[in-house]
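Residues take their numbers from the sequence shown, with the count starting at 1. Counting convention: from 1, in listed order, for ligands and their atoms alike. Atoms considered below: every heavy atom in the structure, side chains included; atoms not considered: hydrogens, waters and symmetry mates.
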Amino acid sequence: MLYNKIVIGCDHAGFALKEQIKQYLEKQGVELLDVGCYSTDACSYPDIAHALCANIQSGEFPAGILICGTGIGMSMCANKHRGIRAACCSEAFSARATRMHNDANVLCFGARVVGYGVACTMVDAFLNQEFEGERHVPRVAAINALDESEKQ
Ligand code: RB5
């Protein structure tokens with residue numbers, strides 16, 4: 001993988017798929033930090049998204065993966081964090097494109113939406129794709145400027 005150090009998190013709905021994705025990545029030598037949750041006991045996805053984003057904002061991890069029932073709640077929460085560009089995806093084309101065009105640093109997906117096979121193709125696409133730069137640089141800069149903007 002291009003990115004071989006990843007922070008990963010889930011809520012109760014994403015727990016089983018997160019465990020499978022962890023095994024998939026560990027087999028490929030990816031270093032993982034798991035910020036929870038650690039069982040199928042009900043928990044609050046905003047707490048997990050916040051813990052994951054803190055590990056990216058600190059510079060400790062370049063990218064992360066968040067899994068909940070739909071991926072939507074996790075992506076909403078992650079995108080409230082300065083410097084985080086989270087993409088909720090359900091197929092590999094978008095997972096690759098969001099790295100190329102948006103320089104996304106968090107991939108979100110839903111365990112109630114995609115199965116293990118599709119999730120693996122998205123993870124591969126996301127973690128193996130560089131940002132294309134060039135014409136996308138000012139656009140991503142404009143996304144980042146929204147962190148400080150009064151347009152919010
Ligand atoms: C949990 O039931 C569910 O709401 C959560 O996993 C997620 O889908 C929220 O967006």
Checking side chain to side chain contact (heavy atoms under 4.5 Å, CB included) against C108, which of S75, C77, S90 comes through?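 For C108, the side chain to side chain contact (heavy atoms under 4.5 Å, CB included) test succeeds with only one of S75, C77, S90, which is S75.
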Matching residue for L127 among L2, I6, N4 - test: side chain to side chain contact (heavy atoms under 4.5 Å, CB included):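 The single option meeting the side chain to side chain contact (heavy atoms under 4.5 Å, CB included) with L127 is I6.
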Under 3.5 Å, is there a donor-acceptor pair between the N128 and R96 side chains?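 On atom types as modelled, these side chains do not qualify, holding no pair under 3.5 Å.
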Under 4.0 Å from ligand 1 - residues by heavy atom, chain and number: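 For ligand 1, the residues that come within the 4.0 Å heavy-atom cutoff are D11, H12, A13, Y45, C68, G69, T70, G73, R112.
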Parallel, tilted or perpendicular for H101 and H136, by the 30°/60° rule?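 Ring orientation, 0 to 90° scale: parallel.
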Do L107 and I56 sit in one hydrophobic cluster, given that two such residues count as connected whenever their side-chain heavy atoms are within less than 4.5 Å of each other, even indirectly?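 No, because L107 and I56 fall into different hydrophobic clusters, even though each may have its own neighbours under 4.5 Å.
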Got D41 and C43 here, is their nearest side-chain heavy-atom distance under 4.5 Å?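 No, every pair of side-chain atoms sits at 4.5 Å or beyond.
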